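Contents: one structure, followed by commentary.
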Amino acid sequence: MRAWPAPRIPNVAGCSTTPRLYDTATQGMLTAEPGGTARLYVCGITPYDATHIGHANTYLAFDTLQRVWRDAGYRVHYAQNITDIDDPLLERATRDGVHWRDLADEQIELFRQDMASLGIIPPDDYVAVTEVIAEIAEACCILLDKGLAYRVPTADAVGDDLYFDNRAAADASPWQLGDESNLDTDTMLALFGERGGDPERPGKRNPLDPLLWRAARDGEPSWPSRVGEGRPGWHIECSVIALKHLGHDFTVQGGGSDLAFPHHEMSAGHAAALSGQPLARVYSHAGMIAYRGEKMSKSLGNLVLVSALREAGVDAAAIRLALLSHHYRDDWEWTDAQLADAVARLQRWRAAVARPVSGAEPVGADPAYAAPAGTEPATAAVAELRAALADDLDTPRAIAAIDRAIETGVDDTELLVDAVDALLGIRLA
Ligand code: 5CA
Ligand code: ZN
C-alpha cells in the first residue's frame with residue numbers, strides 16, 4: 001500500500017547515543033544495538049474508524065524512536081501492517097451498510113492524512129493483509145507440515161479452521177507462551193477472551209491456542225488457498241509481514257500495551273515457529289490513552305479524533321506536543337486543558353525563537369524584539385534533549401530541557417530550532 005509523505009528532518013551537528021528502551025519481555029532496559037540499520041515493526045490500524053489520539057500516541061512513540069536512531073547515525077527500516085480484513089471491520093461495515101473494502105480504503109486514507117499532518121515518519125513497507133493472503137496461507141501450510149498447527153472441524157463452514165499449537169511450538173522453537181507478556185495463565189485466559197481470542201472453542205488442544213486461518217463462512221469474504229478457502233487469523237499477519245520485510249530477530253517490535261497479549265505474544269510465537277529464531281530483540285509497548293474515564297477505543301466510541309481536531313483548526317504540532325508531554329509508557333487521560341497547555345507552550349517557544357540574536361537591530365519599537373537571545377550554549381540544551389530521549393524516550397524531560405533553553409535564551413537559535421524539529425518533530429520557525 002502507498003504510505004504517506006515523509007516529513008523533512010534537518011541534520012543537526014553532533015549525534016545521539018544508541019537509545020535504551022524498556023523491554024516488556026525482560027521487564028528491564030535494553031540497548032538494542034541495531035548494527036548499521038535499525039529494523040522496526042509497529043502494528044498498524046484496523047481501518048474501521050478514524051485515527052484517534054490513542055493511535056496517534058502509539059505511532060508518535062515509535063516515530064520518536066526513529067528520530068533518535070537517525071540522529072545516532074543509524075539507517076532505519078520500518079514496516080507496518082494494515083489489518084484490512086478482520087471481524088471488527090466486517091462488523092462495522094455491516095452495521096453501516098457499506099462494503100468492507102470501501103470502509104477500509106476510506107479509513108486508510110484518513111489515517112494517511114492524519115499521520116502526514118502530525119509529521120509521523122512513514123513506514124518503508126506499508127502492507128495490507130489483503131496484499132499477502134497467499135503468503136499467509138503458505139506460512140499456515142509450513143506450520144501444518146511442521147506439526148505446529150492443527151485443523152479444527154467447523155459446523156458452519158465447508159472447510160476446517162486452523163489453530164496454532166502453543167505447546168508444540170514451545171517445544172520446537174525459541175519461544176514459550178508468556179515469554180513476552182509475563183502474565184499468569186488466568187490473566188492470559190481472561191485477556192485472550194476479551195481481545196479477539198476464543199478460549200471456549202471446542203476441539204482446540206489448548207484454550208489459548210490462537211486461530212491461524214478461518215474457513216470461509218457464508219457472507220464473509222474469503223480467498224482460495226492451499227489451506228482451503230478462507231481468511232487469515234489476526235496474529236499470523238504480523239508474523240508474515242514482519243519476517244518478509246525485516247527478517248527475524250529484528251531490532252524492535254512495537255505497539256500499544258493492549259497488544260502485548262495475546263497479539264504480540266502470538267505473533268512472536270508464529271514467527272519463531274516459522275523461522276526458528278526470535279522475532280525481535282526488544283518488545284516495546286506504549287501506554288493507553290483514556291478519555292472520559294475509559295480507554296479511548298473505537299469499540300466504546302469515546303474518541304478524540306485527530307481529523308476532528310485538525311478541522312477545528314488545532315495546530316498538529318500542538319497535538320504532538322500535548323502527547324509528548326507524557327512519557328510514552330504512561331497510561332493517562334486526554335483533556336482539553338492539556339491541549340490548551342500545549343498550544344500555549346508552542347506559542348511561547350515560537351515567539352522566543354522569532355526574536356533576533358543578541359546585537360541585531362531592534363525592529364521599530366515592538367517590545368517583542370527588545371529582548372535579545374541569551375548566551376547559554378545551545379549545544380548544552382541539545383545535549384540534554386538527546387540524553388533525555390536516548391533514555392527510554394523520556395520526552396517530558398526533553399521538553400523540560402527545551403523550556404529552560406527557551407526561558408534563558410541560547411547563543412545559537414538555529415541549532416535549537418533544528419534539534420527540536422529533528423528530534424521532537426516540532427517546527428518552530
Ligand atoms: N491492527 C491491529 C494491530 S495488528 C490493531 O490493534 N489495530 S488498532 O487500530 O486497534 O490499533 C492500532 C494501534 O493503536 C495499536 O498499536 C494499539 O495498541 C494502539 N491503540 C489503540 N487504542 C489506543 C489507546 N487508547 N491508547 C494508545 N494506543 C492505542
Ligand atoms: Zn499486529
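First listed ligand is number 1; within each ligand, the first listed atom is number 1. All of these numbers come straight from a predicted model, not from anything done at the bench.
Taking the ring centre of F250 as origin, the terminal cationic atom of R281 falls outside the region bounded by 6.0 Å and 45° from the ring axis.
Counted within 6.0 Å of CG on N11, heavy atoms from surrounding residues, nucleotides or ligands total 12 or fewer; the atom is thus considered open. Other residues, nucleotides and ligands contribute only 12 or fewer heavy atoms inside 6.0 Å of the CG atom of D218. For CD of E131, the number of neighbouring non-hydrogen atoms (other residues, nucleotides, ligands) closer than 6.0 Å is greater than 12. Within a 6.0 Å sphere centred on CZ of R217, heavy atoms belonging to other residues, nucleotides or ligands number more than 12.
The side chain to side chain contact (heavy atoms under 4.5 Å, CB included) test with Y291 is passed by exactly one of L303, V304, I53: V304.
The number of protein N/O/S atoms found under 2.8 Å from the Zn ion (ligand 2) is 3.
When the ring-ring contact (aromatic ring centres under 6.0 Å, His included) test is applied to W100, no partner is found at least two apart in sequence or on another chain. Contacts of D125 classified as side-chain hydrogen bond (donor to acceptor under 3.5 Å, both in side chains), with partners at least two apart in sequence or in another chain: H77, H245.
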Starting from the N and O atoms of ligand 1, collect every protein N/O partner closer than 3.5 Å and put each pair on its own line with the distance to 0.1 Å.
residue	atom	partner	partner atom	Å
ligand 1	1 (N)	G44	O	2.8
ligand 1	1 (N)	T46	OG1	2.9
ligand 1	1 (N)	T83	OG1	2.7
ligand 1	7 (N)	G44	O	3.3
ligand 1	7 (N)	T46	N	3.3
ligand 1	7 (N)	T46	OG1	3.3
ligand 1	9 (O)	T46	N	3.1
ligand 1	9 (O)	H55	NE2	3.4
ligand 1	9 (O)	K298	NZ	2.7
ligand 1	16 (O)	G256	N	3.0
ligand 1	18 (O)	G256	N	3.1
ligand 1	18 (O)	D258	OD1	2.5
ligand 1	25 (N)	I289	O	3.0
ligand 1	25 (N)	M296	O	2.8
ligand 1	26 (N)	I289	N	2.9
ligand 1	28 (N)	G54	O	3.0
ligand 1	28 (N)	T58	OG1	2.9

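When all heavy atoms are compared, the tightest approach of E265 to Q176 is OE2-O, 3.7 Å.
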